[in-house]
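The block underneath contains the structure these notes are about, expressed in structure tokens.
Start at 1 with the first residue, then count along the sequence. Worth knowing before you read on, the calculation uses all heavy atoms, side chains too, and leaves out hydrogens, waters and symmetry mates.
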Amino acid sequence: MDTDRRQLILTGPAALAGLAGVPTPASASRGQPGPAGGVPAALDDAALLAAFVKARYALDGRITCGWVDATTYAFVEGATYPLYRLRAGTWSWLRRVDATRFEGRTLEVAYFFDAGTDEPLTRLAMPVTGREVEVRPYRAGPSDLVVGVREQSTDVFRMAAETRDGAAFFRPGTRQRSQALSQPVREADRLYIREDIAARVSGEAGARPKFFYTEWTITEVAWRDVRNPRLMSAASRLQYSAIAAFRPWMRMDGVDGHTLQNGRGGKVAGAEQFPPCLLEMVRRVDPDLLDDPRRVLGGQPGS
């Protein structure tokens with residue numbers, strides 16, 4: 001599809017199908033609070049996906065960045081142990097495939113900090129085992145990214161050459177992945193959308209999973225931005241929670257438990273707008289992502 005035609009589609013009714021006709025309560029139009037907890041937003045699948053992509057990424061294929069600031073805990077036999085503070089950043093772009101699916105590329109980095117002093121971590125004493133382990137920055141990607149309203153896939157996951165020290169963070173095997181959007185809620189001039197992402201890596205049939213990860217986010221975006229057909233990317237904030245198997249670098253094999261994460265984040269137009277501590281780590285560890293993220297991600301429309 002040529003660029004002019006794609007722009008026409010993205011800025012026309014197809015990009016915001018159903019949004020312009022959604023009635024707006026009088027209280028919201030006057031900027032007054034609506035019912036406590038909000039009301040369901042009347043969005044069909046195409047409109048829900050367009051609103052989500054505008055809030056978390058961009059409708060026109062540009063690169064956007066996301067950030068998360070979370071605390072990670074170990075959960076073992078009903079006890080919770082603080083492990084570290086996590087600051088992570090992503091670079092992503094998407095292009096529309098059809099009304100309910102976008103595809104693109106993404107890359108993630110993460111840095112670990114002492115939960116008490118907030119100093120960068122290089123060593124960590126793990127709970128229960130007492131083992132002291134090495135802590136290294138994390139970088140994964142560029143990887144294929146698919147965003148839909150309801151997505152499911154099964155593939156064979158291997159260590160990708162572009163994943164730094166991948167064996168310390170992932171275990172290969174057959175991966176089942178799901179992603180879903182739900183519960184769009186309007187509260188005054190804010191729209192909230194839930195996203196659930198899950199991945200489960202298994203080995204031989206009948207064996208316990210080799211790795212699992214489930215993430216829940218609530219994305220918050222201005223309703224007026226969602227309804228603006230000229231706006232291709234909107235500012236947003238998110239609440240973040242996740243549960244995951246212990247990473248290989250934690251050396252917790254044989255311990256029946258997992259990690260928990262909870263935090264907040266948002267989307268920015270570029271990494272230069274990351275929170276200062278995260279930006280400083282990117283400058284120190286992954287400066288190529290500041291110099292030329294388009295080249296690093298690859299496959300960017302128009303590149």
Practice item. Starting at CZ of Phe112, measure out to CG of Leu83 and round the result to the nearest 0.5 Å. Key: 10.5 Å

Point to revise | Exercise: identify the closest heavy-atom pair between Ala110 and Leu86 | key: CB-CD1, 3.6 Å

Exercise for review: Check side-chain contact (heavy atoms from CB on, under 4.5 Å) between Thr174 and all other residues, then give those that pass, not counting sequence neighbours.
Suggested key: Thr154, Ser202

Going by atom type alone, with no hydrogens or angles, which donor-acceptor pairs under 3.5 Å involve a side-chain atom of residues 190-198 and a protein atom two or more places apart or on another chain?
residue: Arg190; atom: NE; partner: Glu220; partner atom: OE2; Å: 2.9
residue: Arg190; atom: NH2; partner: Glu220; partner atom: OE2; Å: 3.4
residue: Arg194; atom: NE; partner: Asp196; partner atom: OD1; Å: 2.7
residue: Arg194; atom: NH2; partner: Asp196; partner atom: OD2; Å: 3.2
residue: Glu195; atom: OE2; partner: Gln179; partner atom: NE2; Å: 3.1

Review point. Can you list the residues that meet the side-chain hydrogen bond (donor to acceptor under 3.5 Å, both in side chains) rule with Tyr57, with sequence neighbours excluded?
Key: none

Revision key, fill the gap. Correct closest heavy-atom pair for Arg284 and Pro120 would be NH1-CG, 4.4 Å

Review point. Do you know which two heavy atoms are closest between Ala88 and Glu108, and how far apart they sit?
Key: CB-OE2, 4.2 Å

Review point. With no hydrogens and no angle check, is any side-chain donor or acceptor of Asp114 less than 3.5 Å from a backbone partner on Thr117?
Key: yes

Exercise for review: Under the salt bridge (Lys or Arg N to Asp or Glu O under 4.0 Å) rule, collect the residues that match up with Arg136, sequence neighbours excluded.
Suggested key: Glu134, Asp165

Check your understanding: Who pairs with Phe113 by ring-ring contact (aromatic ring centres under 6.0 Å, His included), at least two apart in sequence or on another chain?
Key -> none

Practice item. Return the set of residues passing salt bridge (Lys or Arg N to Asp or Glu O under 4.0 Å) with Asp291 (not counting sequence neighbours), or none when no residue passes. Key: none

Check your understanding: Where do Leu59 and Phe102 land on the side chain to side chain contact (heavy atoms under 4.5 Å, CB included) test, with the steps shown first?
Key -> CA-CA 9 Å; Leu59 290 167; Phe102 281 75; 3.7 Å; yes

**Study point:** Short side-chain to backbone donor-acceptor contact, Ser233 and Ala58, under 3.5 Å
**Key:** no

Point to revise | Tyr84: side-chain hydrogen bond (donor to acceptor under 3.5 Å, both in side chains) partners, not counting sequence neighbours | key: none

Point to revise | Closest heavy-atom pair and its distance - Leu49, Ala99 | key: CD2-O, 3.7 Å

Check your understanding: Which side-chain hydrogen bond (donor to acceptor under 3.5 Å, both in side chains) pairs, counting each pair once, include a residue from residues 272-281, with sequence neighbours left out?
Key -> none

Point to revise | CG on Asp118 to CZ on Arg85, rounded to 0.5 Å | key: 4.5 Å

Exercise for review: Under the side-chain contact (heavy atoms from CB on, under 4.5 Å) rule, collect the residues that match up with Arg101, sequence neighbours excluded.
Suggested key: Val97, Asp98, Glu103, Val146, Glu151

**Study point:** Residue list, salt bridge (Lys or Arg N to Asp or Glu O under 4.0 Å) with Arg150, at least two apart or on another chain
**Key:** Asp45

Review point. What is the minimum heavy-atom distance between Ala74 and Pro127, and which atoms define it?
Key: CB-CG, 3.8 Å

Check your understanding: Where the side chain of Thr90 meets the backbone of Gly66, is there a donor-acceptor pair that is under 3.5 Å apart?
Key -> yes

Review point. Are any non-hydrogen side-chain atoms of Val282 and Tyr111 less than 4.5 angstrom apart?
Key: yes

Practice item. State which residues pass side-chain hydrogen bond (donor to acceptor under 3.5 Å, both in side chains) with Arg123; sequence neighbours excluded, sorted by chain then number. Key: Glu132

Check your understanding: Hey, does the side chain of Ser241 reach the backbone of Trp216 with a donor-acceptor pair shorter than 3.5 angstrom?
Key -> no

Point to revise | Nearest non-hydrogen partners of Gly266 and Leu238, listed with the distance | key: N-CG, 4.1 Å

Practice item. Output the distance between atom OG1 (Thr259) and atom CE (Met252), rounded to the nearest 0.5 Å. Key: 10.0 Å

**Study point:** Nearest-0.5 Å distance, CZ of residue Arg227 to CG of residue Asp189
**Key:** 10.0 Å

Point to revise | Cluster check Leu279, Leu289: I/L/V/M/F/W/Y, side chain < 4.5 angstrom | key: yes

Review point. Same cluster for Trp223 and Ile218 if Ile/Leu/Val/Met/Phe/Trp/Tyr side chains link at under 4.5 Å?
Key: no

Review point. Do any pairs count as a ring pair (Phe, Tyr, Trp, His ring centres under 6.0 Å) and have a residue in residues 255-294, sequence neighbours left out, and if so which ones?
Key: Phe75-His258, Trp91-Phe274

Study note, to complete from the structure: Rounded to the nearest 0.5 Å, the OG1 atom of Thr219 sits from the CD atom of Gln239 at a distance of 9.5 Å

Practice item. State whether the number of non-hydrogen atoms from other residues, nucleotides or ligands found under 6.0 Å of Arg177 atom CZ is greater than 12. Key: yes

Exercise for review: Measure the shortest side-chain to side-chain distance between Thr129 and Val255 over non-hydrogen atoms and say whether it is less than 4.5 angstrom.
Suggested key: yes

Review point. Taking 4.0 angstrom as the limit, do Asp253 and Arg131 come out as a salt bridge?
Key: no

Review point. Do Arg186 and Leu43 have side-chain heavy atoms sitting under 4.5 Å apart?
Key: no

**Study point:** Side chains of Leu145 and Val147 in contact at under 4.5 Å (non-hydrogen atoms)
**Key:** yes

Exercise for review: Give a yes or no on whether a salt bridge exists between Lys54 and Asp225, defined as a side-chain N under 4.0 angstrom from a carboxylate O.
Suggested key: no

Exercise for review: Just do the side-chain hydrogen bond (donor to acceptor under 3.5 Å, both in side chains) check on Gln152 and Ser178 with the steps written out, would you?
Suggested key: CA-CA 4 Å; Gln152 290 188 329; Ser178 64; 5.4 Å; no

Check your understanding: So do the side chains of Asp256 and Glu77 get within less than 4.5 Å of each other, counting heavy atoms only?
Key -> no

**Study point:** Side-chain touch Arg56/Thr217, heavy atoms, less than 4.5 angstrom
**Key:** yes

Practice item. Determine whether Tyr240 and Tyr73 fall in the same hydrophobic cluster, where Ile, Leu, Val, Met, Phe, Trp and Tyr are linked whenever their side-chain heavy atoms lie under 4.5 Å apart. Key: no

Practice item. Using a 4.5 Å cut-off on heavy atoms from C-beta on, say whether the side chain of Phe212 contacts that of Ile243. Key: yes

Point to revise | Same cluster (ILVMFWY, side-chain, under 4.5 Å), Val76 and Leu260 | key: no

Review point. If we only count heavy atoms from C-beta on, is the Arg251 to Met126 side-chain gap below 4.5 Å?
Key: no

**Study point:** Rounded distance [0.5 Å steps], OG1 in Thr64 versus CG in Leu94
**Key:** 7.5 Å

Practice item. Decide whether Val185 and Val221 are clustered together by the hydrophobic rule: side chain heavy atoms of Ile, Leu, Val, Met, Phe, Trp, Tyr closer than 4.5 Å, transitively. Key: no

